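Everything on this sheet refers to the single structure shown next.
Letters A, B, ... are given to chains in the order of the sequence lines, protein chains preceding strands, and every chain is numbered from 1. Bear in mind that the values here come from a model prediction, so they are computed numbers and not experimental data.
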Amino acid sequence: MGEGFGKGCHLHLIDGSAFIFRAYHALPPLTRKSDGLPVGAVAGFCNMLWKYVTDERGHDAPTHAAVIFDHSSKTFRNEIYTAYKANRPEPPEDLRPQFPLTRDATRAFNIACIETQGYEADDIIAALSCKARDAGGAVTIISSDKDLMQLVGDGVQMLDPIKGKPIDRDEVFEKFGVYPDRVVDVQALAGDPTDNVPGAPGIGIKTAAQLITEFGDLESLLARADEIKQPKRRQTLIDHADQIRISKRLVELDCNTPLDFTLESLEVRAPDAARLLAFLSEMEFRTLTARVAEKLGAEAPAVVSAPPREAPAAPDLPPIDRSLYETITDREALDRWIQLIRDTGQVAIDTETTGLDEMQADLVGVCLAVAPGKACYIPVGHVAGGDDLFGQSAPVAGQLPLADVLAALKPLLEDPAILKIGQNLKYDWKMLARHGIRMAPLADTMLMSYALNAGTHNHGMDELAERYLGHKCIPIKDLIGTGKAQINFGQVPIDKAAPYAAEDADVTLRLFQHFAPLLPVERVTTVYETTERPIVPVLAAMEMAGIRIDAEVLRRMSGAFAQKMAQLEDEIFALAGQRFTIGSPKQLGEILFDKMGMTGGKTGKTGAFSTSADVLEDLAAEGHDLPARILDWRQISKLKSTYTDALPTFVNPDTGRVHTSYSIAGAQTGRLASTDPNLQNIPVRTEEGRRIREAFIAAEGHRLVSLDYSQIELRILAHVADIPALKQAFREGIDIHAMTASQMFGVPVEGMDPMIRRRAKAINFGVIYGISSFGLSRNLRIPRAEAQDFIDTYFRRFPEIRAYMDRTLADAKADGSVRTLFGRRINTPGINQSGPAAGGARRAAINAPIQGAAADIIRRAMIRMPAAIAHLPARMLLQVHDELVFEVREDAVDDLIAIARDVMEGAADPAVKLSVPLVVDAGHGANWAEAH
DNA sequence: ACGCTCACG
DNA sequence: GACGTACGTGAGCGTA
């Protein structure tokens with residue numbers, strides 16, 4: 001102990017984590033105005049610190065002070081007892097990005113800020129208290145946490161920060177029935193459900209205190225447990241002696257926690273006005289900034305949004321060396337790796353499987369990486385090279401059994417203190433979920449790249465490795481081949497598979513280290529944390545649930561379609577005067593335009609005739625029969641090949657349901673995309689197509705419920721472009737297209753001509769897409785000049801839209817990106833091009849913030865949905881951009897609709913306060929057609 | 001592998 | 001004055 005601390009000194013220890021949670025729950029969910037970053041907890045935290053700093057304490061003022069935080073990683077207690085704090089819920093999504101900011105705040109107040117990896121704040125507080133007390137000083141712990149009460153006495157006191165009331169020995173006795181030196185014994189017996197400390201079953205604080213008082217201390221009690229009179233209680237203590245001792249080690253605070261600083265370094269310092277004000281204004285806390293400025297006699301800086309900061313320099317990494325990877329074939333090595341991961345607190349993981357369909361593929365191996373270059377491969381499902389004559393293949397010797405490996409990894413993969421890093425983790429999450437492992441918490445490099453680079457490039461691992469690590473991964477084709485000769489990964493020899501597989505984990509870890517520091521610099525942390533990362537388990541659950549289809553109905557429809565097509569083919573060949581391949585646009589074009597001499601233009605690039613639907617429709621309108629028949633044939637052909645033929649092949653034999661897969665980082669705008677099969681483009685617009693939806697059915701005793709946002713993109717436009725007429729119409733629930741027509745053409749909404757309304761509707765949609773007279777004229781089949789007149793009128797009536805478009809384009813040109821209301825960034829690399837390509841880039845830039853905000857809103861709803869409906873016999877099955885489909889037990893339909901509607905209509909809150917209401921329509925039925 | 005066409009929001 | 005165009009997706013088919 002140095003001489004700077006001793007008698008007469010007074011150390012204040014502030015429980016930072018308790019401050020954060022109290023601030024978070026006490027305040028409404030505030031966000032920073034410039035970018036929507038949640039800062040409510042930071043604001044409360046700062047107010048509490050300011051109050052603390054300015055409190056008049058007279059002679060009792062501290063000479064030394066520190067704020068102590070929990071470090072978000074596993075602690076030594078998890079080694080004693082893996083389930084310690086395991087039932088702690090994840091912190092709320094809008095709180096997570098605020099943790100680092102509270103550290104910044106503490107430093108800005110010029111108060112020492114302390115956290116140590118592997119230790120809880122309580123241990124650091126204990127060690128500091130012991131040291132200060134032993135040096136002869138006084139200690140005040142500013143917290144009301146009962147776990148700290150064991151420290152009270154001998155010059156250490158606690159202070160409840162809310163009530164401002166001291167907690168002394170007598171208060172502790174009142175709470176625990178014993179004095180501080182026996183509090184640990186009582187806690188060990190009583191356990192603590194919030195921290196998952198087991199204790200002795202059936203024994204609470206009262207009984208525990210009584211036993212400890214009677215026997216003196218815990219060890220005496222356990223040694224003489226047979227003397228306890230009550231038989232049940234006696235047996236409990238004898239049976240659970242070990243569990244009680246473990247509980248004691250969990251609740252006992254460690255006075256010997258290593259401290260990498262001295263007490264002297266905690267000396268109270270006056271706040272540095274400039275630094276503190278800079279922080280508060282960066283957070284955009286106007287009131288507090290002004291208050292602090294007044295008190296410190298400084299000038300308050302203007303509160304403006306933070307300037308972009310410099311990206312941190314990338315550290316030099318050892319190059320990728322595949323010969324360093326380890327192949328794990330024995331238990332000792334596996335245990336060594338598990339320990340290594342526990343020591344590190346995070347691991348990159350990748351699973352290797354026999355196929356791309358994670359609902360059916362089998363596990364072949366697991367790869368792990370803990371540091372760049374330090375990766376391993378655990379083979380579990382490799383089989384002998386070629387199949388034998390009977391198509392059988394034998395497992396390769398020397399692999400650990402799959403069940404053993406998964407049993408060993410499960411506690412690690414489910415440990416809330418260990419971060420699992422992956423590339424497209426949804427795949428691995430589902431793979432492991434099929435073996436009963438629910439991996440959490442997750443970090444996904446694909447999604448980090450998406451938050452940073454959407455619009456710039458795709459986010460597959462090979463591409464990311466090449467761009468950001470300068471490394472070319474082994475192509476999978478080198479191992480499994482292509483085409484007919486392709487084998488599955490399980491048939492690849494282990495010595496060839498291991499370097500490939502381990503490399504994936506190594507690359508993933510390196511990508512994580514590359515992307516993680518960039519998220520705050522590029523100001524996409526909030527998007528990543530609130531709309532990307534948490535959606536992974538939600539989508540995984542939806543995909544695994546799947547949806548039931550009636551394959552028999554679809555097969556019957558296919559048969560009917562086949563008959564109809566045969567009939568149409570006869571008519572088409574008769575009209576054409578020859579047989580040809582109807583599905584070939586080339587042959588069809590030649591027949592229509594060369595042979596039969598119909599008028600139609602050639603298209604650009606290939607110089608081929610266009611035979612698209614609108615061309616054929618024009619020809620049909622001129623009275624030609626053949627194009628009309630072709631259109632009929634095409635429609636039926638499409639329905640048959642893409643839907644009624646294909647969907648039954650996607651029924652999973654194990655579940656009897658169809659499981660789509662959502663790509664999270666596929667679309668540029670934040671939308672999801674559905675593949676294998678695509679369930680986001682099931683027909684609905686035509687009567688015949690809609691019948692396909694009748695084959696999507698609810699399970700026995702259930703209903704399908706569909707909820708969809710009404711006009712969400714137009715509502716977002718009304719809000720972001722700040723168009724009073726539009727906003728008012730939405731608030732009053734007026735038919736928005738009729739209102740537009742009324743404003744444009746000066747006719748009343750009542751008794752509106754449907755044709756006029758249709759035109760207004762087309763213009764409303766056109767605006768969202770980046771309108772052009774050409775596009776509108778084609779859509780409405782009116783002359784281009786007339787379309788241009790409509791557009792001019794529209795912009796005159798709603799001048800705010802033009803202003804919004806100009807603003808958006810200026811931003812895109814200046815930043816190379818646009819942002820949604822929620823901070824999602826969509827890069828617009830083509831925006832400064834010249835020539836024809838520029839038009840497309842401009843329209844995409846105008847559309848992206850609108851489509852993207854709608855995507856953000858439904859993502860937010862989906863992320864909140866599982867918890868909101870957990871108590872109902874209901875599951876979320878599908879997302880179709882502005883629609884969510886649920887499967888609900890019949891008796892819970894009304895409850896589900898009420899709750900899901902609330903979640904969806906409130907999904908923008910609290911990040912964005914929309915100036916228009918969100919409205920959700922709902923329906924239900926035995927099948928999707930009825931529900932819609 | 002690529003373009004055309006068409007299903008959806 | 002002429003380019004070319006409505007925004008965002010995925011799947012099946014024919015053709016190279």
- Message: Using a 4.0 Å heavy-atom cut-off, does A/Thr611 contact any base of the nucleic acid, only the sugar-phosphate backbone, or nothing at all?
- Response: sugar-phosphate
- Item | G-U wobble or Watson-Crick pairing nucleotide for B/dC4 (cut-off 3.5 Å, both distances) | C/dG12
- Item | Separation of atom NE2 in A/His881 from atom C1' in C/dG10, rounded to whole Å | 10 Å
- Round to a whole Å and report the spacing from OH of A/Tyr643 to P of C/dA11. 10 Å
- Task: Give one of base, sugar-phosphate or nothing for A/Gln635, where a contact means two heavy atoms less than 4.0 Å apart.
- Result: sugar-phosphate
- Item | Distance between P atoms of C/dC3 and B/dC6 (Å, rounded) | 26 Å
- Item | Nearest listed nucleotide, side chain of A/Asn847, among C/dC13, C/dG8, C/dA6 | C/dG8
- For A/Asn681, answer base if it contacts any base atom (sugar-phosphate contacts may also be present), sugar-phosphate if it contacts only those atoms, and nothing otherwise; contact means non-hydrogen atoms under 4.0 Å. base
- Task: Mind checking A/Ala762 for me? I need base, sugar-phosphate or nothing, with any heavy atom below 4.0 Å counting as a touch.
- Result: base
- Could you tell me whether A/Leu672 contacts a base, only the sugar-phosphate backbone, or nothing, with contacts defined as non-hydrogen atoms closer than 4.0 Å? nothing
- Is A/Asp882 touching bases, backbone alone, or none of the nucleic acid, heavy atoms closer than 4.0 Å? sugar-phosphate
- Item | Length of the CD1-P vector between A/Ile771 and C/dG4, whole Å | 21 Å
- For the side chain of A/Pro683, starting at C-beta, report the closest nucleotide among C/dG8, C/dG10, B/dA7. B/dA7
- Take atom NZ of A/Lys640 and atom C1' of C/dC13, then tell me their distance rounded to the nearest Å. 13 Å
- Between A/Arg859 and A/Glu532, is there a salt bridge with N-O shorter than 4.0 Å? yes
- Task: Using only side-chain N and O atoms of A/Gln587, determine if any of them is under 4.0 Å from OP1 or OP2 of C/dT15.
- Result: yes
- Message: Under 4.0 Å, heavy atoms only, any strand: does A/Gln668 hit a base, just the sugar-phosphate, or nothing?
- Response: sugar-phosphate
- Determine, stepwise, if the pair A/Asn424 / A/Met461 fulfils side-chain contact (heavy atoms from CB on, under 4.5 Å). CA-CA 9 Å; A/Asn424 190 15; A/Met461 190 173 71; over 6 Å; no
- Item | A/Arg671 vs B/dG9: side-chain N/O to OP1/OP2 distance below 4.0 Å | no
- Query: Which one, C/dA11, B/dT5, C/dG8, comes nearest to the side chain of A/Asn678?
  - Reply: C/dA11
- Query: B/dT5, C/dG14, C/dG8: which one has an atom nearest the side-chain heavy atoms of A/Thr581?
  - Reply: C/dG14
- For A/Asp676, report the nucleic acid contact type (base, sugar-phosphate, nothing); a contact means any heavy atom under 4.0 Å. sugar-phosphate
- Query: So does A/Glu887 pair up with A/Arg657, basic N to acidic O under 4.0 Å?
  - Reply: yes
- Message: Using atom P in both nucleotides, what's the gap between B/dA7 and C/dA2 to the nearest angstrom?
- Response: 35 Å
- Message: When you measure from the side-chain N and O atoms of A/Arg778 to the phosphate of C/dA6, is any distance below 4.0 Å, counting only OP1 and OP2?
- Response: yes
- Task: Report the distance from atom CD1 of A/Ile682 to atom P of C/dG12, rounded to the nearest whole Å.
- Result: 11 Å
- Short side-chain N/O contact from A/Ser584 to OP1 or OP2 of C/dT15, under 4.0 Å: yes
- Which part of the nucleic acid does A/Ala855 contact within heavy-atom distance under 4.0 Å: base, sugar-phosphate only, or nothing? nothing
- Between B/dC8 atom P and A/Ile712 atom CD1, what is the distance in whole Å? 20 Å
- Query: Can you name the closest pair of heavy atoms from A/Ala454 and A/Arg825 and give their distance?
  - Reply: CB-O, 3.9 Å
- Query: Can you find a pair of side-chain heavy atoms, one from A/Ile846 and one from A/Leu809, that are under 4.5 Å apart?
  - Reply: yes
- Item | Value in whole Å for how far the P atom of C/dT9 lies from CD of A/Glu883 | 20 Å
- Considering heavy-atom distances to DNA chain C, does A/Ala844 or A/Phe774 have its closest nucleotide positioned more toward the 5' end? A/Phe774
- Message: Tell me which nucleotide, if any, is Watson-Crick or G-U wobble paired with C/dT5 when both distances must be under 3.5 Å.
- Response: none
- Message: So for A/Arg685 and B/dG9, does any side-chain atom that can act as donor or acceptor lie under 3.5 Å from a complementary atom in the base?
- Response: yes
- Item | Sugar-phosphate, base or nothing in reach of A/Ala854, heavy atoms under 4.0 Å | nothing
- Task: Look at A/Glu617 together with A/Arg781 and state whether they make a salt bridge at an N to O cut-off of under 4.0 Å.
- Result: yes
- Message: Regarding A/Glu569 and A/Arg579, does a basic nitrogen lie under 4.0 Å from an acidic carboxylate oxygen?
- Response: no
- Task: For A/Arg690, report the nucleic acid contact type (base, sugar-phosphate, nothing); a contact means any heavy atom under 4.0 Å.
- Result: nothing
- Under 4.0 Å between any heavy atoms, over every strand shown, what does A/Ile768 touch: base, sugar-phosphate, or nothing? Just pick one. nothing
- Message: Under 4.0 Å, counting only non-hydrogen atoms across every strand here, what does A/Gly583 touch: a base, just sugar-phosphate, or nothing?
- Response: sugar-phosphate
- Message: If the cut-off is 4.0 Å, is A/Arg843 near the phosphate of C/dC7, judged by side-chain N/O to OP1 or OP2?
- Response: yes
- Query: Side-chain N or O of A/Ser772 less than 4.0 angstrom from OP1 or OP2 on C/dG4?
  - Reply: no
- What class does the angle between the rings of A/His737 and A/Phe765 fall in, given that below 30° is parallel, 30 to 60° is tilted and above 60° is perpendicular? tilted
- Message: Looking only at the side chain of A/Arg784 (C-beta and beyond, no hydrogens), which of the listed nucleotides B/dC8, C/dT5, C/dC7 gets closest?
- Response: C/dT5
- Note on the structure: When rounded to whole Å, the CZ to C1' distance for the pair A/Arg715 and B/dG9 reads 16 Å
